[in-house]
Amino acid sequence: MQEIELILPDKSVRKIPAGTTGQQVAESISQSLARKALAIKIGGKILDLSQPLTTGGDFRIITPSNDDPDALYVLRHSCAHVLAEAVCDLYPGTRLAYGPPVDEGFYYDLASPKPLSDDDFPAIEKRMAEIIKEDRPFTRCEVPVEEAMRRTEGDKYKRDNAERAVARGDKIISFYANGEPGKNWEDLCAGPHVPSTGRLKAFKILSLAGAYWHGDQNSDQLTRIYGVCFADKEGLQKHLTFLEEAKKRDHRRLGKDLDLFHLEDHSPGMVFWHPKGAFLYNALRNHVRKVILARGYQEVITPEIVDKSLWIRSGHADKYNENMFKTMAGDKEMAVKPMNCPCHIEIFNQGLKSWRDLPLRLAEFGKCHRNELAGTMHGLMRVRGFVQDDAHIFCTEEQIAPEVRDFCVLVKDLYADFGFQVAKVKFSTRPEKRIGSDDLWDKAEAALAEATKLAGLDAELNPGEGAFYGPKLEFVLKDCLGRDWQCGTIQVDFNLPVRLGATYVGQDNQKHHPVMLHRAALGSIERFCGILIEEYAGDFPLWLAPTQVRVLPISEKFQDYALQVLSKLIAAEIRAEVDNSNEKIGYKIRQGEQQKIPYLLVVGEKETLGNLVSVRKRKEGDQGQQSLDDFVKVFKLGLPN
RNA sequence: GCCCAGGUAGCUCAGGGGUAGAGCACUUCCUUGGUAAGGAAGAGGUCUCGGGUUCAAUUCCCGAUCUGGGCUCCA
């Protein structure tokens with residue numbers, strides 16, 4: 001009999017006859033391991049315990065663990081099947097589409113005859129618990145293509161899934177039954193699964209959403225049920241607690257609590273910044289301004305409302321029309337700019353440019369408006385009116401790579417100033433809806449790829465997601481729930497300079513079109529503020545805190561002294577205020593802490609007599625009494641250089 | 001734009017076909033205090049908007065709008 005070699009996690013090698021199942025291997029190691037085992041992983045592929053092993057390789061037995069992504073993967077996938085059976089039981093006529101595990105849990109896309117709502121969750125969870133209690137085996141059943149076609153006859157989604165499997169070249173199609181095939185509920189599915197429903201120890205249905213069949217908005221709208229599943233109750237509870245905690249960091253929550261900004265019905269997707277939020281907003285702008293001016297950028301300011309003819313020439317009227325706000329000036333059609341690039345080209349086009357002028361870096365904190373679809377807005381993260389820390393670098397082809405590299409360094413440095421690391425970099429290539437010839441796109445993509453390499457970045461390929469005028473690099477940051485948001489970006493564009501007639505005189509005394517690099521480091525100030533608020537949970541570093549110091553008089557008798565302290569702090573360029581409410585000191589401390597103010601200075605009789613302040617530093621507590629001058633010195637040490 | 005759920009006091013939310021509720025916040029008074037909520041009183045609402053059903057609608061129905069979770073789209 002043919003033998004295969006399993007390399008166990010401790011690197012020891014175990015020889016077994018081909019056809020042995022994972023379950024048998026587990027039993028041969030130890031009974032307790034066999035009882036715990038959920039699945040096995042061989043050669044990087046997860047298999048059911050009951051599947052016969054046919055090839056050797058790195059081998060391990062997957063047991064329940066909240067720290068093992070493979071364990072969670074099989075548990076969640078299996079839990080999705082239990083969910084699907086429960087829904088099919090409760091709402092006969094339900095048709096199923098996909099039910100995969102995802103990073104934080106699982107979902108199932110389905111079409112039920114009755115619209116589902118959150119009110120249905122208890123019933124669904126109850127039915128799931130019953131199925132789990134019955135501890136039915138997940139039974140794999142492999143059938144030839146013809147049989148799979150017969151079984152999925154008339155089932156639009158499953159038939160389509162089966163056909164896709166065949167198109168991929170699958171000769172055998174697998175089904176999984178929650179119990180006995182032909183008797184219990186079953187689903188077309190590649191697996192793998194845990195041995196039985198009873199192995200699911202901790203799950204919860206979280207939410208309901210709509211999703212398009214195959215992500216195509218012209219296709220069927222399905223109902224997506226999201227759930228989570230963990231190895232045990234503690235894991236589930238920890239996750240639910242995490243979600244609760246995330247809510248407290250939510251920038252929309254903190255925007256209200258810390259009085260930073262608000263959004264209102266009159267202007268959906270456009271932000272009303274309150275004084276403290278406006279401070280933060282300007283702090284970001286000022287910091288970026290300082291950094292880019294030191295790196296060879298020049299700042300410009302351009303109009304927000306521009307005649308339609310420019311947008312026709314730039315291609316926006318054709319490719320970006322539905323996203324533009326339109327307005328009239330008399331009988332002239334105008335549009336509110338959705339991007340700054342055409343305006344910057346207009347500046348470039350003033351006067352003759354020589355090759356000696358390149359690279360020319362024009363920067364603008366440019367306010368853009370985009371009429372985004374109603375359902376896409378999200379707090380500060382996705383708005384209709386926003387300011388980009390934008391710039392356009394006009395350069396030669398040879399200058400692309402060094403300019404991209406310099407920009408990548410700038411992004412890295414700038415994010416580090418805010419205490420962030422670049423989470424992810426994506427390389428997005430030509431979209432379907434685009435301008436320019438394929439030759440130019442080939443050139444642009446190759447140039448960006450080379451520059452990415454030069455910058456030493458590990459970029460993930462994101463095909464078809466580029467801008468309509470060029471490929472781009474995207475710098476992605478995460479919000480409190482781990483959702484991705486594109487912040488910085490740089491895009492190589494051979495198209496717009498040609499369309500808008502930008503030229504420079506080369507060393508050969510001929511006119512040439514420059515290459516244009518579109519780039520934004522923070523992306524939009526709005527979105528970056530949102531990320532910043534969540535990252536710090538409103539507990540901003542000293543240099544970004546809208547209020548840095550609050551002075552708390554013990555009683556109204558010491559208000560005059562508090563005001564003296566205030567004016568000295570303001571003179572020292574410290575952002576300070578006085579709490580002169582008629583409350584006890586305990587209450588004022590509480591308020592100051594809740595507003596996350598870095599320093600609270602308590603002043604009462606003792607301080608008044610000694611010309612002192614009692615310092616309380618956020619998160620570190622009481623720092624004792626100090627002279628005001630000493631406090632200012634310590635305070636200044638807390639600011640970045 | 002699509003699916004589901006919401007919109008009640010400044011905030012967080014309860015309620016329900018017949019004069020609108022709580023806690024916090026706010027104002028005034030008492031209190032003048034020493035490091036995370038002192039006490040009392042008061043004020044505050046066209047129950048998102050528009051239609052419909054009804055003797056009567058904040059409540060039920062329809063539509064609009066905004067918000068939330070997703071999908072699609074994007075900085």
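Letters A, B, ... are given to chains in the order of the sequence lines, protein chains preceding strands, and every chain is numbered from 1. Quick note: numbers below take in every heavy atom, side chains included, and nothing from hydrogens, waters or symmetry partners.
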Checklist entry - If you find the nucleotide of RNA chain B closest to A:Gly523 and the one closest to A:Gln217, which residue's nucleotide is nearer the 5' end? => result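 It is A:Gln217 whose nearest nucleotide is closer to the 5' end.
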Next on the checklist: Heavy-atom nearest nucleotide on RNA chain B for A:Val383 versus A:Leu263: which residue maps closer to 5'?
Outcome noted: A:Leu263
Could you check whether [Y] and [X], counting side-chain N and O atoms only, form a donor-acceptor pair closer than 3.5 Å?
X	Y	result
A:Tyr157	A:Asp109	no
A:Glu364	A:Thr302	yes
A:Arg164	A:Asn161	no

Item to check | Watson-Crick or G-U pairs under 3.5 Å in RNA chain B, rendered as dot-bracket with [ ] for crossing pairs and | for another strand | outcome: (((((((..((((....[..)))).(((((.......))))).....(((((..]....))))))))))))....
Sugar-phosphate, base or nothing in reach of [X], heavy atoms under 4.0 Å:
X	result
A:Glu607	base
A:Gly379	sugar-phosphate
A:Arg382	base
A:Arg483	sugar-phosphate
A:Glu526	nothing
A:Lys472	sugar-phosphate
A:Thr376	base
A:Tyr107	nothing
A:Ala374	base
A:Ile585	sugar-phosphate
A:Asp257	nothing
A:Glu593	base
A:Gly215	sugar-phosphate
A:Leu522	nothing

Item to check | Candidates B:rG69, B:rG1, B:rA36 - which lies nearest the side chain of A:Ala209 | outcome: B:rG69
Item to check | Nearest to side-chain heavy atoms of A:Gln486, which nucleotide of B:rU32, B:rC74, B:rA75 | outcome: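 From the listed options, B:rA75 comes nearest.
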Checklist entry - Between A:Phe420 and A:Phe528, is the ring centre distance below 6.0 Å? => result yes
Item to check | Check: A:Phe261 ring centre within less than 6.0 Å of A:Tyr281 ring centre | outcome: no
Checklist entry - Below 3.5 Å, does any donor atom in the side chain of A:Arg519 face an acceptor in the base of B:rA75, or the other way round? => result no
Nearest-Å distance, [atom1] ([X]) to [atom2] ([N])?
X	N	atom1	atom2	result
A:Leu208	B:rC3	CG	C1'	8 Å
A:Leu481	B:rG70	CG	C1'	13 Å
A:Lys256	B:rA25	NZ	P	18 Å
A:Asp265	B:rG68	CG	P	11 Å
A:Arg95	B:rC3	CZ	P	16 Å
A:Tyr212	B:rC4	OH	P	12 Å
A:Arg253	B:rG68	CZ	P	13 Å
A:Leu222	B:rC71	CG	C1'	10 Å

Item to check | Separation of A:Cys529 SG from A:Trp273 CH2 (nearest 0.5 Å) | outcome: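 Interatomic distance, A:Trp273 CH2 to A:Cys529 SG, rounded to 0.5 Å: 4.0 Å.
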Checklist entry - Syn versus anti for B:rU19, judged by chi lying within 90° of 0? => result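 Syn, since the glycosidic angle lies within 90° of 0.
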Within the pair [X] and [N], is there a side-chain N or O less than 4.0 Å away from OP1 or OP2?
X	N	value
A:Arg252	B:rG69	yes
A:Lys584	B:rG34	no
A:Tyr587	B:rA25	yes
A:His378	B:rC74	no

Checklist entry - Given the P atoms of B:rC49 and B:rC71, what is the spacing between them in whole Å? => result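 It works out to 32 Å between them.
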Checklist entry - If you measure from the C1' atom in B:rG69 to the same atom in B:rA36, how many Å do you get, rounded? => result 34 Å
Checklist entry - Quick one: which of A:Phe365, A:Phe418, A:Tyr415 gives a ring pair (Phe, Tyr, Trp, His ring centres under 6.0 Å) with A:His287? => result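 Passing option: A:Phe418.
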Checklist entry - Considering only heavy atoms from C-beta outward, does the side chain of A:Asp160 approach that of A:His214 to under 4.5 Å? => result yes
Checklist entry - Once the angle between the rings of A:Phe394 and A:His392 is folded into 0 to 90°, is it parallel (under 30°), tilted (30 to 60°) or perpendicular (over 60°)? => result tilted
